[in-house]
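Taking it in order: structure first as structure tokens, then the write-up.
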Amino acid sequence: MRIWTSEHVFDHPWETVTTAAMQKYPNPMNPSVVGVDVLDRHVDKNGKLHSHRLLSTEWGIPSIVKSLIGTCRTKTYVQEHSVVDPVKKTMELKSSNISFTNLVSVDERLVYKPHPHEPDKTILTQEAIISVKGVSLSSYLEGLMANTISSNANKGREALEWVINRLNAEIEEFAASARGTMRNSMAAAAFVEK
């Protein structure tokens with residue numbers, strides 16, 4: 001078993017980062033995620049948003065790994081459960097693979113919360129527990145997977161920044177459109193008054 005952890009600070013408020021996290025896929029930084037299906041989403045009696053999603057991923061698995069696990073299948077599935085608490089300003093996301101569970105398990109936990117000293121920033125804490133079962137070189141493979149998770153975490157943070165920039169551009173476009181509509185309405189009203 002291998003445990004991987006990371007902490008990152010985003011220069012954006014918690015509301016912005018969690019909005020982006022819910023819209024993270026698809027993105028150009030993580031092309032291996034080829035599908036996201038929402039299986040359940042509801043708000044509980046305490047106002048927390050619960051989501052259960054299924055992520056479909058397509059990985060280029062090296063031939064040596066294919067021979068070790070005895071398959072050529074490259075599509076895998078991950079289940080993801082998240083809870084957003086708007087009162088406490090926390091978002092906790094837990095994911096685990098549901099493909100190849102007889103050979104490998106990856107359980108990941110991400111927590112987003114406001115920075116305690118800088119409210120316009122958000123702290124992301126990540127942890128992954130990796131276990132490779134029933135094959136030789138399991139410790140070596142767990143190390144490889146931890147390195148892959150670290151690389152993918154960096155891509156995931158880049159993806160969140162990309163989504164935030166996209167959302168900000170959409171907001172600015174909407175605001176510009178609204179300003180233009182208001183100007184046209186005011187101009188038409190002024191013309192009618194003359």
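What you see below is based on every heavy atom in this structure, not just the backbone, and it leaves out hydrogens, waters and symmetry mates. Numbers here simply count residues along the sequence, with the first being 1.
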Taking the side chain as everything from C-beta on, heavy atoms only, tell me whether Gln79 gets closer than 4.5 Å to Arg53. no
Could you report the tightest heavy-atom contact between Ser138 and Val132, atom names first, then the distance? CB-O, 3.6 Å
Is a donor on one side and an acceptor on the other found under 3.5 Å between the side chain of Ser150 and the backbone of Ala146? no
Between Asp85 and Val87, is there a donor-acceptor pair closer than 3.5 Å when you use the side chain of the first and the backbone of the second? yes
Which residue pairs satisfy the ring-ring contact (aromatic ring centres under 6.0 Å, His included) criterion with at least one member in residues 126-175, sequence neighbours excluded? none
Between atom CD of Glu172 and atom CG of Leu167, what is the distance when rounded to the nearest 0.5 Å? 13.5 Å
Pair listing, ring-ring contact (aromatic ring centres under 6.0 Å, His included) test, anchored in residues 18-45, at least two apart: His42-His50
Of all heavy-atom pairs linking Phe10 and Val17, the shortest is CB-CG2, 3.8 Å
Donor-acceptor contacts under 3.5 Å from residues 153-160 side chains, at least two apart:
residue : atom : partner : partner atom : Å
Asn154  : OD1  : Arg157  : NH2          : 2.2
Arg157  : NH1  : Gln126  : OE1          : 3.0

Atom pair OG1 (Thr18) and NZ (Lys113), whose distance is rounded to the nearest 0.5 Å: 14.5 Å
Is the NZ atom of Lys133 crowded by more than 12 outside heavy atoms at less than 6.0 Å? yes
Do Ile149 and Leu137 belong to the same hydrophobic cluster, where Ile, Leu, Val, Met, Phe, Trp and Tyr are linked whenever their side-chain heavy atoms lie under 4.5 Å apart, directly or via other members? yes
Would the distance check show the side chain of Ser96 and the main-chain N or O of Val106 forming a donor-acceptor pair, the cut-off being under 3.5 Å? no
Value rounded to 0.5 Å, distance of OG1 in Thr76 from CG in Asn97: 7.5 Å
For Lys48, does its backbone N or O pair with a side-chain atom of Asp44 as donor and acceptor, under 3.5 Å? yes
Does some side-chain heavy atom of Val84 sit less than 4.5 Å from a side-chain heavy atom of Trp14? yes
Do Trp4 and Val104 belong together in a cluster built from hydrophobic side chains that touch within less than 4.5 Å? yes
Once you round to the nearest 0.5 Å, how far does NZ of Lys121 lie from NE2 of His8? 10.0 Å
For atom CD of Glu173, is the number of surrounding heavy atoms from other residues, nucleotides or ligands below 6.0 Å larger than 12? no
Evaluation steps, side-chain contact (heavy atoms from CB on, under 4.5 Å), between Leu124 and Val111: CA-CA 6 Å; Leu124 165 61; Val111 177; over 6 Å; no
Verify the cluster assignment for Ile129 and Leu55: are they in a single hydrophobic cluster under the rule of side-chain heavy atoms below 4.5 Å apart? no
In the single-linkage hydrophobic clustering (I, L, V, M, F, W, Y; side-chain heavy atoms under 4.5 Å), do Leu49 and Tyr112 co-cluster? yes
Can a side-chain donor-acceptor contact be found between Ser32 and Thr57 if the only test is distance below 3.5 angstrom? no
To the closest 0.5 Å, what do you measure between NE2 (His52) and NZ (Lys94)? 13.0 Å
Please determine if Glu92 and Arg109 form a salt bridge, counting it only when a charged side-chain N lies under 4.0 Å from a carboxylate O. yes
Minimal non-hydrogen separation, Arg2 against Gly143, with atom names: NH1-CA, 3.4 Å
Tell me if the NZ atom of Lys24 is crowded by more than 12 foreign heavy atoms within 6.0 Å. yes
Evaluate His115 against Thr122 for side-chain contact (heavy atoms from CB on, under 4.5 Å), listing each step before the verdict. CA-CA 5 Å; His115 191 285; Thr122 303; over 6 Å; no
For Thr5 versus Ile3, what's the shortest heavy-atom pair and its separation? CG2-CG2, 4.2 Å
Do Gln23 and Arg166 make a side-chain contact, defined as non-hydrogen atoms from C-beta onward lying under 4.5 Å apart? yes
Report the residue from Val36, Val38, Val78, Ile98 that forms a side chain to side chain contact (heavy atoms under 4.5 Å, CB included) with Leu54. Ile98
Say whether, by atom type as modelled, one donor and one acceptor occur between the side chain of Thr19 and the main chain of Glu15 under 3.5 angstrom. yes
When hydrophobic residues are tied together by side-chain contacts of less than 4.5 Å, even through go-betweens, does Ile164 share a cluster with Leu110? yes
Should Ser82 and Met22 count as side-chain neighbours, where that means a heavy-atom distance under 4.5 Å? yes
Within this structure, what is the OG-CE distance for the pair Ser51 and Met91, rounded to the nearest 0.5 Å? 7.5 Å
Closest non-hydrogen atom pair between Glu142 and Met1, with its separation: OE1-N, 3.1 Å
Does a side-chain heavy-atom distance below 4.5 Å link Pro114 with Pro119? no
Hydrogens and angles aside, do Asn165 and Asn168 bring a side-chain donor and acceptor to less than 3.5 Å of each other? no
